[in-house]
Amino acid sequence: MTHAPASPEVTPFTLRPCSLGMAAVAVSDKGVCAILLGDDADALQDELQRRFPRASLRRGADSDNTAAAALALVDGQAPPAALPVDARGTAFQRRVWDALQSIPPGRTASYAEIADTIGAPTATRAVAGACAANPVAVAIPCHRALRSDGALSGYRWGVERKRALLAREGRNFP
DNA sequence: TATTCCTGTCCTG
DNA sequence: CAGGACAGGAATA
């Protein structure tokens, strides 16, 4: 993401504890545009501001339906309706994110398999980079991407959260 | 198993 | 515009 998204002046967001720690959820007029996880509320807000440098963040999404659905998803509940996602990124990143969306809960894929799926079989490492750039945790299931040898590898918001998400979906790791 | 090299994309100076 | 960082993977010894 070279330049700032030409987002509207005001981006409503909400910040609250969840089963995975603290979650920050921001919504645009097109859907949820950020789901960030962490431990510290202030740090999360800083990260949100870093992702949307031109947006003036406004804390007021607490009663927003989309934000509520996103938080339900983070807590492991099925959202009442399909959750609209507004994931901004480069063309390459969106191809990776689309591929991730096609992995059902309880299943996983290796970075190499994803690279193959999007037609860039030698770009496995770039795929990992795109996963790390995923702005919408859980909604785009980048936690279902594993290394070819089955190892958990890494997770932008902590390997422990990745392990917890996979365990919730029925996959357990030592 | 550990080391080394190759890899594509994105960010920063 | 160049250089470096990286959630990988394959080849090598």
Side-chain angles (χ1 to χ4, degrees), chain A residues 1-7 11 18-26 28 30 32-40 42-57 70 73-76 83 85-174:
Chain A
M1 277 165 291
T2 311
H3 16 242
S7 44
T11 299
C18 67
S19 60
L20 296 172
M22 198 66 73
V25 173
S28 71
K30 304 198 67 171
V32 53
C33 57
I35 301 177
L36 312 183
L37 304 176
D39 297 312
D40 179 57
D42 292 331
L44 274 184
Q45 184 165 347
D46 287 346
E47 189 173 344
L48 200 54
Q49 186 67 75
R50 212 179 318 128
R51 280 195 115 98
F52 301 100
R54 294 213 45 170
S56 91
L57 300 174
L73 185 67
V74 169
D75 273 334
L83 178 65
V85 172
D86 181 17
R88 285 178 160 271
T90 66
F92 178 84
Q93 288 169 335
R94 273 212 287 266
R95 266 189 289 150
V96 173
W97 299 340
D98 283 348
L100 288 169
Q101 296 266 34
S102 72
I103 308 172
R107 300 282 319 243
T108 60
S110 72
Y111 296 97
E113 286 167 343
I114 296 167
D116 199 62
T117 297
I118 65 172
T122 59
T124 61
R125 197 154 189 185
V127 166
C131 292
N134 168 30
V136 197
V138 191
I140 293 175
C142 60
H143 59 277
R144 294 183 195 134
L146 305 180
R147 239 165 43 181
S148 290
D149 62 11
L152 270 187
S153 192
Y155 192 58
R156 182 79 160 51
W157 294 293
V159 183
E160 281 314 308
R161 289 193 177 89
K162 185 173 188 174
R163 194 194 316 276
L165 283 163
L166 290 170
R168 174 195 289 171
E169 297 176 355
R171 300 213 136 206
N172 290 294
F173 288 84

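Each chain gets a letter, A, B and so on, in the order its sequence line appears, and its residues count up from 1.
- Remark: side-chain polar atoms of Asp75(A) are paired, donor with acceptor, to backbone N or O of Ser19(A) under 3.5 angstrom.
- Atom CZ of Arg51(A) is separated from atom P of dC10(B) by 13 Å (rounded to the nearest Å).
- Trp97(A) contributes no side-chain N or O that, together with a main-chain N or O of Arg88(A), makes up a donor-acceptor pair within less than 3.5 Å.
- Judged as a salt bridge (charged side-chain N to carboxylate O under 4.0 Å, His left out), the pairs with a partner in residues 123-146 of chain A (not counting sequence neighbours) are, in order, Arg144(A)-Glu169(A).
- Between Ile114(A) atom CD1 and Thr108(A) atom OG1 the span is 9.0 Å, to the nearest 0.5 Å.
- The main-chain N or O of Arg156(A) is never found under 3.5 Å from a side-chain atom of Arg161(A) such that the two would form a donor-acceptor pair.
- Looking at heavy atoms from C-beta onward, Val25(A) lies out of side-chain contact with Val74(A) at the 4.5 angstrom threshold.
- Base pairing in DNA chain B gives the following stems of 3 or more Watson-Crick or G-U pairs, range against range and under 3.5 Å: B:1-6 with C:8-13, B:8-13 with C:1-6.
- Between Ile103(A) and Glu113(A) the shortest side-chain heavy-atom distance does not fall below 4.5 Å.
- The distance from the CG atom of Asn134(A) to the CH2 atom of Trp157(A) is 5.0 Å, given to the nearest 0.5 Å.
- Leu152(A) is listed as a side-chain neighbour of Leu166(A), based on a closest heavy-atom distance under 4.5 Å.
- Side-chain atoms of Glu160(A) never come within 3.5 Å of backbone atoms of Leu20(A) as a donor-acceptor pair (strictly under, hydrogens ignored).
- Running 5' to 3' along DNA chain C, contacts with non-hydrogen atoms of chain A at under 4.0 Å begin and end at dC6(C) to dG9(C).
- By the 4.5 Å heavy-atom criterion applied to side chains, Leu165(A) and Tyr155(A) are counted as neighbours.
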Hey, what are the protein-to-nucleotides 3-8 of chain B N/O distances that come in under 3.5 Å?
none

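- For DNA chain B, no neighbouring residue in residues 136-152 of chain A is found when judged by any heavy atom under 4.0 Å.
- Here dC10(B) presents its P atom at 11 Å from CZ of Arg94(A), a figure rounded to the nearest Å.
- Of the possible polar contacts, none joining the Lys162(A) side chain to the Cys142(A) backbone as a donor-acceptor pair under 3.5 Å is found.
- Arg147(A) has its side chain out of reach of Ser110(A): every pair of non-hydrogen atoms, C-beta onward, lies at least 4.5 Å apart.
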If you apply the rule salt bridge (Lys or Arg N to Asp or Glu O under 4.0 Å), what do you find for Glu47(A) with Arg50(A), and how did you get there? CA-CA 5 Å; Glu47(A) 189 173 344; Arg50(A) 212 179 318 128; 5.2 Å; no

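- Taking every heavy atom of residues 101-108 of chain A and every atom of DNA chain B, no pair lies under 4.0 Å.
- Separating the OG1 atom in Thr124(A) from the CG atom in Asp116(A) is a distance of 11.0 Å, to the nearest 0.5 Å.
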